[in-house]
**Student:** 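I am attaching a structure below and will ask some questions about it afterwards.
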Amino acid sequence: MNWLITLFTSTLGRKLLMALTGLFLILFLAVHLIGNLQLLKDDGGRAFNVYAEFMSTNPLIQIVSKGNFFFILLHIFISIVLTIKNRQARGTDRYAVTSGKSSIWSSRNMGILGTIVLVFLVVHLKHFWAEMHFGDMPKVIYDGTEYRDIYSLVAQWFALPWYVALYVFCMAAVAFHLWHGFASSFQTLGLNHPKYNGIINFLGKTFAVVVPALFAWIPINMFFF
Amino acid sequence: MKITLKVWRQKDANSKGAFKTYEHSHVSQDMSFLEMLDVLNNELVQKGEEPIAFDHDCREGICGMCSLYINGRPHGPLQTTTCQLHMRSFKDGETITIEPWRAKAFPVVKDLVVDRGAFDRIQRAGGYVSVNTGGVPDANEIAIPKKIADEAFDAATCIGCGACVAACKNASAMLFVSAKVSQFALLPQGQPERKERVEKMVAQMDEEGFGACTNTKACEAECPKGISVANIARMNREYFSAITSSYEVMAKGGGD
Amino acid sequence: MKLDSKAPEGPLAEKWTKHKFNLKLVNPANKRKYDVIVVGTGLAGASAAASLGELGYNVKAFCFQDSPRRAHSIAAQGGINAAKNYQNDGDSIYRLFYDTIKGGDYRAREANVYRLAEVSVNIIDQCVAQGVPFAREYGGLLSNRSFGGAQVSRTFYARGQTGQQLLLGAYGALNRQIANGKVKMYTRSEMLDVVIVDGKARGIITRDLITGKIESHSAHAVLLCTGGYGNVFFLSTNAKGSNVTAAWRAHKKGALFANPCFTQIHPTCIPVTGDHQSKLTLMSESLRNDGRVWVPKTARPGLKAADAVNIPESERDYFLERKYPSFGNLVPRDVASRNAKYVCDEGRGVGTTGLAVFLDFSDAIKRDGEATIRAKYGNLFDMYAQITGDNPYKVPMMIFPAVHYTMGGLWVDYNLMTTVPGLYALGEANFSDHGANRLGASALMQGLADGYFVIPYTIGDYLAGMPYEKVSTDRPEFKEAIDTVQSRINKLLSIKGKKTVDQFHRELGLTMWDYCGMSRSEKGLKFAKEKIQKLKEEFWSNVAVLGGAGELNQELEKALRVADFIELGELMIDDALNRSESCGGHFREESATPDGEAKRKDDEFAYVAAWEYKGENQSEALHKEELIFENVKLTQRSYK
């Protein structure tokens, strides 16, 4: 099993883990968005609450959810290891002048963007996920079944201007993170071929714009309309 | 032309370096960047000041010896080697900052001279086809599709200057390593050692302390030979497939 | 001293085979008992070090650059000849031999040239097996082109980077032996002397260019693969570091220097722009296939390329087409170069310095379209634009000849051994294969032939007769050599004069270029000799070398090299004076046909002029190796 250690302690192996976990998180974002879009339904939050109940009780989803947490932690852990190693690789004397003309901003600042996303994630988990799992939630009854009224929790937060602003700002960070991260993960996996690069780049950039924009639209919509 | 130069001066590997400013008033647009430094050095010697040490040799853009990080870019504002850069790319009165390549794996030797021995050691780990002189088949016994040969050639044009490492915010050497890995992964001559080669070269690259690739593509944008990051993707592919499928005999030194 | 070429007897085509059989062999198990030093890691050095390592010898390889891959072989553009006859166009080993010996104006040794042609085919096989990406046809087989006016397509090429790809192949082979522990590589190490013990070359003295440490290395044989000496002219297409020091030190220790005046001047280089010029850049001579060379009929000082387009046809002198109607712009390198010099001497040169002629593509662009010309020469045009700032699609290029290659070098016998036993010279460092003029695409061939396919055989013959015992570097011969080197360095550092090394080098170069360049006369040469003697005196009393001996000191490196170039310059002049004929790249104004073309004197000068060092400020002694032509008939070149 030496080869596994060799693989995952090599720069290439670490990058592989970054790419794979990143791609999983991209998938997770898409699924999460589909759920959140229920918030836009004009039904007093019923669809959203039903969906949330399903997501937090279905055993299969629970397993995936644990995996998701693990992958987020792994993604963060490896990024920290790589960042430290990469900084060491530059050496003690650093450049006095750097021009930044040869690469795009987001590609050079994935660490900063990732940190913003992480801070958001902590706040977000505390306000919603922890509240939902451990907090004292109000209940609603649809067709005789009792549900936790997460919708009202969301609506309560999204009524606060600073919270909406923070949410939108963080979604912008997610967008920039994805702008580079989506196609980058394919490159790391070795999937670079002139026949498919166009499609990958198009999908990546579309995803990076559309998904965070929709996420951000929900609080804006709920705040203003 | 008159220019102001801010040049990194460092006595040797163990000393601390610092920038020194020079006013240079004998500059012509037709000078190459290195000739501009020659003229300055000549003046310094005549004044009894020690000239600036910098690496250079062929001065026609192919040996890969010249370096210099000029105004925040390896080899300066054009995508070429420093020896091919001319002063007409700069403005009269401009301040130009010149630094050595900065990477832990490229320690400064003196002033703007760095030690790129790490590149040689990576090549030594497997950047060749193990054939002895003599006893090889006729050259035309190996037919190679032109497109494959051309693609291998594109990778083989690397001059080993280290601009990729200098440009990369992580001081990653992946463009350099992947260029050689690609050349031999594409060509039939490279097939027998294909797997060991990539494993050994990547291991040596990591051993030397180069950083990891974060796909900023700055290397490609600054490479004087325009080597593509598609080679890095190929190296990743080669490495993953090699490490998951090759025999675990490497430890016995089965290379040669 | 009697020079014995050791060229074997017998029919030309059997000489090498027979010779190889007669050479003594070293038992495989005993090879590891022998140490070989290889100085220089260009095509000749890298291929020799790798091949000898593969055979089992212990090799120590040295280069002054930071990596063996940087040797100046890397800059060769055009290609490499080989008598493969892949194109079915009538090529053969004999034809390559014939073309090479004729191209060299009959001043090379028949046996050597034939061997070169013979092993040329193996070189291509070897390089392809190493993964060198030669150009290919759509069918997947190797592509060839005709080069330098050859009648057959025998040149293998790798875009405009053939030298680079071949060197990287050899560098790979060398790396493999370094990894195997058979070659120990010393980079940034410059050889400053050769050590002779009991009449045999047994080691070298080097300077570590980073620490300044003077080191001794002993071995059973020493190979000098240190390239040519074109930088004696200061401006040349050579790399800035290329130097004659290793060869010159060997010469002073007893190795004869042959035909030093034979230098090749390449007509299509980018002209000098001013006093700051540090080197010249060659552009492939393939440009002359479509470009037309001209100057104005009457002198127009300072004429710019941008204004040239306004000069009407009637006022242009296409001087090559006028003088050589059948070859036109495609006359050989020396003829094209000389004629460019003549028109500039007449004051009809163009550009700010008046030392340039136009190479005009406007007719070709009109005829074939810009796209076709771009496809053929795009990279060269880009390079030109980058260096000069002119757009050659719109205005004519300016070109001028520049020193490119030196055919002369250390005298070697058929085994590549110099007159010092155990001291070998390979590649451009020796004189052996190109005579008075080298054909295009032959330099790479010779470097690799010597390193891959000649020395591995011939060195065994010598080593088989050597005892296994190593000589200690504590011996007085080493100590003495170290002292000499050290006192030379101390002397240079102690002068603390007023003129920089580059100033001396430029002055030397200018003198050599003016009087021992494209055209040479007795009067000019004698004048130059005096000038150089004075320059030498001034150098040793007024050179400014700053810094210390125990550190990276690029001024000191240059000073050590220039000191040797000055001495070599004087010998080149002696040789040029002695050879009062014109042949190949050597043109003596006194030996010309009535219409000004080169005239050879075969009855007087069909010999190799090998010079023996006789001591400080003494004239060198001339030894002649008669050249015997059993297979080719000597003819005079004509391009009218």
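Order of the sequence lines fixes the chain letters, A, B, ..., with proteins taken first and strands second; residue numbering starts at 1 for each chain.
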**Student:** In terms of heavy-atom proximity below 4.5 Å to chain B, should A/R14 be classed as side chain, backbone, both, or neither?
**Tutor:**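 The answer is neither part of A/R14.
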**Student:** Would you please classify the geometry between the A/H32 ring and the A/H124 ring as parallel, tilted or perpendicular, with 30° and 60° separating the classes?
**Tutor:**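 Correct class here is tilted.
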**Student:** For the interface with chain A, which of B/A166, B/G209, B/G17 has the highest count of heavy-atom pairs at distances below 4.5 Å?
**Tutor:**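 Highest number of heavy-atom pairs under 4.5 Å: B/A166.
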**Student:** Is B/M235 close to chain A through its backbone or its side chain, or both, or neither, when contacts mean heavy atoms under 4.5 Å?
**Tutor:**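 For B/M235, heavy atoms of backbone and side chain both lie under 4.5 Å from chain A.
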**Student:** Select one option (side chain, backbone, both, neither) describing which atoms of B/D206 are under 4.5 Å from chain A's heavy atoms.
**Tutor:** side chain
**Student:** Highest number of heavy-atom pairs under 4.5 Å with chain A: which of B/S241, B/A203, B/A230, B/S172?
**Tutor:** B/A230
**Student:** Select, from A/R94, A/K101, A/R87, the one with the greatest count of heavy-atom pairs under 4.5 Å involving chain B.
**Tutor:** A/R94
**Student:** Please report the C-alpha distance between A/M55 and A/Y51 in whole Å, then the side-chain angles of each, then the deciding distance to 0.1 Å, and finally whether the side-chain contact (heavy atoms from CB on, under 4.5 Å) criterion is met.
**Tutor:** CA-CA 6 Å; A/M55 292 302 278; A/Y51 156 80; 3.4 Å; yes
**Student:** Between B/K11 and B/D111, does at least one N-O distance fall below 4.0 Å, as a salt bridge requires?
**Tutor:**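 Between B/D111 and B/K11 there is no salt bridge, as every charged N stays at least 4.0 Å from the carboxylate O atoms.
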**Student:** Where does B/K169 contact chain A at under 4.5 Å (heavy atoms): side chain, backbone, both or neither?
**Tutor:**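 Interface part for B/K169: both.
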**Student:** Picking from B/I70, B/I232, B/V229, B/V202, which has the most non-hydrogen pairs under 4.5 angstrom with chain A?
**Tutor:**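 So the answer, after comparing B/I70, B/I232, B/V229, B/V202, is B/V229.
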**Student:** Does any backbone or side-chain atom of A/L82 lie under 4.5 Å from a heavy atom of chain B? Answer side chain, backbone, both or neither.
**Tutor:** side chain
**Student:** If you measure only the distance, is there a donor-acceptor pair under 3.5 Å linking the side chains of A/T188 and B/N236?
**Tutor:** no
**Student:** When only pairs under 4.5 Å are counted, which of A/S107, A/P194, A/G13, A/G100 shares the most heavy-atom pairs with chain B?
**Tutor:** A/S107
**Student:** Taking every non-hydrogen pair under 4.5 Å, which of A/T92, A/T11, A/T83, A/T98 racks up the most with chain B?
**Tutor:** A/T11
**Student:** Nearest 0.5 Å, please: how far is CE in A/M18 from CG in B/N215?
**Tutor:**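 Answer rounded to 0.5 Å: 10.5 Å.
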**Student:** Walk me through whether B/T4 and B/H24 qualify under side-chain contact (heavy atoms from CB on, under 4.5 Å).
**Tutor:** CA-CA 6 Å; B/T4 305; B/H24 192 350; over 6 Å; no
**Student:** Which one of B/M174, B/K217, B/R102 has the most heavy-atom pairs closer than 4.5 Å to chain A?
**Tutor:** B/R102
**Student:** Fit a plane to each ring of A/Y163 and A/W157, take the angle between them on a 0 to 90° scale, and name the class: parallel (under 30°), tilted (30 to 60°) or perpendicular (over 60°).
**Tutor:** tilted
**Student:** Tell me if the CZ atom of A/F202 is crowded by more than 12 foreign heavy atoms within 6.0 Å.
**Tutor:**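 No, because the 6.0 Å sphere around CZ of A/F202 holds 12 heavy atoms or fewer from other groups.
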**Student:** Might you point out which heavy atoms bring B/S245 and B/K195 nearest each other, and give the distance in Å?
**Tutor:** OG-NZ, 3.1 Å
**Student:** Between B/I122 and B/F210, is a side-chain contact (heavy atoms from CB on, under 4.5 Å) present by the stated rule, with each step listed?
**Tutor:** CA-CA 11 Å; B/I122 293 172; B/F210 290 105; 3.7 Å; yes
**Student:** Which atoms of B/P77 come close to chain A, meaning under 4.5 Å heavy atom to heavy atom: side chain ones, backbone ones, both, or neither?
**Tutor:** neither
**Student:** Could you look at B/T244 and say if it's the side chain, the backbone, both or neither that has a heavy atom under 4.5 Å from chain A?
**Tutor:**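 Contact with chain A is through both the backbone and side chain of B/T244.
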**Student:** Heavy-atom pairs under 4.5 Å with chain A - which of B/W101, B/F106, B/W8 has more of them than the others?
**Tutor:** B/W8
**Student:** Under 4.5 Å, counting heavy-atom pairs only, tell me which of B/T97, B/V165, B/T214, B/V108 racks up the most with chain A.
**Tutor:** B/T214
